[in-house]
Trainee: 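A single structure is presented below for examination.
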Amino acid sequence: MKPVVWGVVSTALIGMEKVNPAMLKAKGVEFRGIASRDLKKAQEAAKKLGIPKAYGSYEELFADPEIEAVYNPLPNHLHVPVTIQALKAGKHVLCEKPIALTAAEAEQLVEAERASGKLVAEAFMVRWHPQWLTARKLVAEGAIGEVRAVQVSFSYFNDDPMNVRNMNDIGGGGIYDIGCYCIISGRWFFGTEPERVVSIIDRDPKFGTDRLASALVKFPGNRQLSFMVSTQLVPYQRVQVFGTKGRIEIEIPFNAPPGYPCRIFKDTGQDLKGSSIETIAVEPCDQYTLQAEAFSKAVRKEMAWPFPITDAVQQMRIIDALYKSGDSGKWEAV
């Protein structure tokens, strides 16, 4: 396959530390340029990564005819406008999650994708990790019986007022940042869309962002996703899937370390002391590399991208409902 030529907008930390190095290792990817509104920052990032081009504006990168695909890890409020700008310039776009601030905003991308003829997708890297694929395969095979509940916890501690996750006016907050992964977890294992949600939200008195949120999400057949997310608690993450005959647990579901094996636990529940738990090791891999390779194959039409932009719109409808419920204290329909 002819490599897809990529450019990145922003020198954001997630890109510089995780996604960009992973893209440099990806097959079918030629990482050629990085853009910033500060040319010096772009040049420093390009030198650090060992890529040939630096641009002093996003527009300059979009105008480069050699760039075919763009990775957008900008702050949340810039996801849609900059992605649309890139699509209009004839670039495919892989945009960080959450893809928008509201479902109405995300819907703009449906028309923008159609008009451009290019591919746009939300970057949920976990959907490419073998541990997620293995866990879903076990569920589909009936390894734990009928699945009725998914439970997710995800937290970290960050009270830096200069961090974008703590800036309410540009899309900061826990549900936007990590609650989206919890929603994906329920949709992934139930294989369907939720009907209603209810949430409890605690907002930081200084930032105005949701620093602690708990939610219950009802899926068809009275199946339930429950989750807790926080931006100001001890770092922790776990996904558990409960069935009538067993339980599956993903030990490090979201920030899966690329350097050593991940673990899935399959438990029949016959012994609460743990002797009935089977450990399934998943070989080391970089989920960001796998995501970039898959997107590049989709650009070259060697595979169909399985998560259309309408999937991202649905994801935002659920987030909208969670925020509305948290403010109203009532169940909200999705």
Side-chain angles (χ1 to χ4, degrees), residues 8-23 34-49 58 71-83 94-102 105 122-126 152-184 199-215 227-238 252-259 287-288 315-316 319 322-323 326-327:
V8 174
V9 290
S10 152
T11 55
L13 191 63
I14 185 175
M16 292 301 297
E17 290 192 349
K18 294 183 178 181
V19 183
N20 297 346
M23 288 174 61
I34 188 165
S36 171
R37 287 175 290 190
D38 182 331
L39 178 59
K40 185 178 178 181
K41 285 186 177 180
Q43 290 171 335
E44 290 173 350
K47 182 178 179 181
K48 181 178 180 180
L49 294 167
Y58 309 146
Y71 169 58
N72 178 0
L74 290 165
N76 295 342
H77 72 301
L78 294 176
H79 285 176
V80 168
V82 174
T83 293
L94 179 64
C95 182
E96 264 305 326
K97 55 75 201 167
I99 206 160
L101 296 181
T102 64
E105 187 185 31
E122 189 171 25
F124 274 111
M125 72 294 181
V126 296
V152 186
S153 298
F154 196 179
S155 59
Y156 59 81
F157 195 95
N158 182 339
D159 62 356
D160 178 4
M162 301 306 294
N163 190 285
V164 294
R165 293 165 182 81
N166 293 322
M167 298 179 183
N168 197 43
D169 58 336
I170 63 171
I175 292 176
Y176 279 139
D177 189 42
I178 53 180
C180 55
Y181 287 112
C182 302
I183 298 166
I184 282 290
S199 66
I200 302 171
I201 293 176
D202 171 42
R203 293 187 180 274
D204 186 285
K206 295 179 295 183
F207 306 144
T209 53
D210 52 300
R211 63 182 177 183
L212 173 62
S214 297
F227 70 81
M228 179 281 294
V229 293
S230 178
T231 60
Q232 293 182 24
L233 286 179
V234 60
Y236 181 77
Q237 55 187 262
R238 198 73 92 238
I252 310 177
F254 308 117
N255 299 119
Q287 56 192 350
Y288 293 103
Q315 179 81 1
M316 288 310 309
I319 290 176
L322 284 167
Y323 274 122
D327 291 334

Trainee: Would the distance check show the side chain of His79 and the main-chain N or O of Glu96 forming a donor-acceptor pair, the cut-off being under 3.5 Å?
Mentor: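 At least one qualifying donor-acceptor pair exists.
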Trainee: Testing Ser153, Pro253, Ser155 one by one against Gln237 for a side-chain contact (heavy atoms from CB on, under 4.5 Å), which residue passes?
Mentor: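 Looking at Ser153, Pro253, Ser155, the match for Gln237 under the side-chain contact (heavy atoms from CB on, under 4.5 Å) is Pro253.
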Trainee: Does a donor on one side chain and an acceptor on the other come within less than 3.5 Å for Tyr156 and Asn255?
Mentor: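 No, no side-chain donor-acceptor contact under 3.5 Å.
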Trainee: Restricting to non-hydrogen atoms, name the atom on Ile183 and the atom on Gln315 that form the minimum distance, rounded to 0.1 Å.
Mentor: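 That would be CG2-OE1, 3.4 Å.
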Trainee: Within this structure, what is the CG-CG distance for the pair Asn20 and Leu49, rounded to the nearest 0.5 Å?
Mentor: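 Output value for this atom pair is 5.5 Å.
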Trainee: Look up atom CG in Leu78 and atom CG in Asn72, then write down how far apart they are to the nearest 0.5 Å.
Mentor: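 With rounding to 0.5 Å, CG (Leu78) is 7.5 Å from CG (Asn72).
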Trainee: Taking atom CD1 of Ile252 as the centre, report whether more than 12 heavy atoms of other residues, nucleotides or ligands fall under 6.0 Å from it.
Mentor: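 Yes, because the 6.0 Å sphere around CD1 of Ile252 holds more than 12 heavy atoms from other groups.
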Trainee: To the nearest 0.5 Å, what is the distance between CZ on Phe154 and OG1 on Thr231?
Mentor: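 One finds 11.5 Å between CZ of Phe154 and OG1 of Thr231.
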Trainee: Treating Asn166 as the side-chain partner and Asn158 as the backbone partner, does any N or O pair qualify as donor plus acceptor under 3.5 Å?
Mentor: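 Yes; judged by distance alone, with no hydrogens or angles, the pair exists.
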Trainee: Over all heavy atoms of both residues, which pair between Ser230 and Leu212 is shortest? Give the atoms and the distance, please.
Mentor: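 Looking at all heavy atoms of both residues, the closest pair is CB-CD1, 3.9 Å.
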Trainee: Below 4.5 Å, heavy atoms only, C-beta onward: do Lys97 and Asp177 meet side chain to side chain?
Mentor: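 In short, these two side chains touch, coming nearer than 4.5 Å.
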Trainee: So which heavy atom on Ala256 is nearest to which on Gln287, and how close?
Mentor: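 Heavy-atom minimum between the residues: N-NE2, 3.7 Å.
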Trainee: For Arg211, which of Lys206, Arg203, Arg165, Gln232 qualifies under side-chain contact (heavy atoms from CB on, under 4.5 Å)?
Mentor: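 The passing option is Gln232.
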Trainee: Atom CE of Met316 and atom CD of Glu122: how far apart are they, to the nearest 0.5 Å?
Mentor: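 Nearest 0.5 Å value for the CE-CD distance: 8.0 Å.
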Trainee: Can you see which heavy atom on Gly326 is nearest to which on Ile201, and at what distance?
Mentor: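 Heavy-atom minimum between the residues: CA-CD1, 3.7 Å.
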Trainee: How long is the straight-line distance from CZ of Arg238 back to CE of Met228, given to the nearest 0.5 Å?
Mentor: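 Atom-to-atom, Met228:CE and Arg238:CZ are 11.5 Å apart.
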Trainee: Does some side-chain heavy atom of Met23 sit less than 4.5 Å from a side-chain heavy atom of Tyr288?
Mentor: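 No, too far: nothing below the 4.5 Å cut-off.
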Trainee: When rounded to the nearest 0.5 angstrom, what distance separates CG in Leu74 from SG in Cys95?
Mentor: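 With rounding to 0.5 Å, CG (Leu74) is 8.0 Å from SG (Cys95).
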Trainee: Please answer whether the main-chain N or O of Ala100 pairs with a side-chain N or O of Glu105 as donor and acceptor at a distance below 3.5 Å.
Mentor: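 Not confirmed, Glu105 side chain does not pair with Ala100 backbone.
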Trainee: Please check if the side chain of Tyr176 supplies one atom and the backbone of Leu101 the other of a donor-acceptor pair under 3.5 Å.
Mentor: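 At least one qualifying donor-acceptor pair exists.
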Trainee: Who pairs with Asp159 by salt bridge (charged side-chain N to carboxylate O under 4.0 Å, His left out), at least two apart in sequence or on another chain?
Mentor: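 Once residues adjacent in sequence are excluded, Asp159 has no partner under the salt bridge (charged side-chain N to carboxylate O under 4.0 Å, His left out) criterion.
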Trainee: Is the Phe227-Tyr181 ring centre distance short of 6.0 angstrom?
Mentor: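 For Phe227 and Tyr181, the ring centres are not under 6.0 Å apart.
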Trainee: Has Ser199 got a side-chain atom pairing as donor or acceptor with Leu322's backbone, closer than 3.5 angstrom?
Mentor: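 Flag set: sc Ser199 to bb Leu322 pair under 3.5 Å.
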Trainee: Any idea which heavy atoms bring Phe207 and Asp160 closest together, and the distance?
Mentor: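 Heavy-atom minimum between the residues: CZ-C, 4.4 Å.
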Trainee: Is any side-chain heavy atom of Val19 less than 4.5 Å from a side-chain heavy atom of Tyr71?
Mentor: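 Answer yes - side chains close enough.
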Trainee: Could you pull out the closest heavy-atom pair between Thr209 and Gly172, with the gap in Å?
Mentor: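 Shortest heavy-atom contact: CG2-C, 3.8 Å.
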Trainee: If only atom types and distance count, is the side chain of Asp210 paired as donor or acceptor with the main-chain N or O of Gly174 below 3.5 Å?
Mentor: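 Looks like yes, one N/O pair under 3.5 Å.
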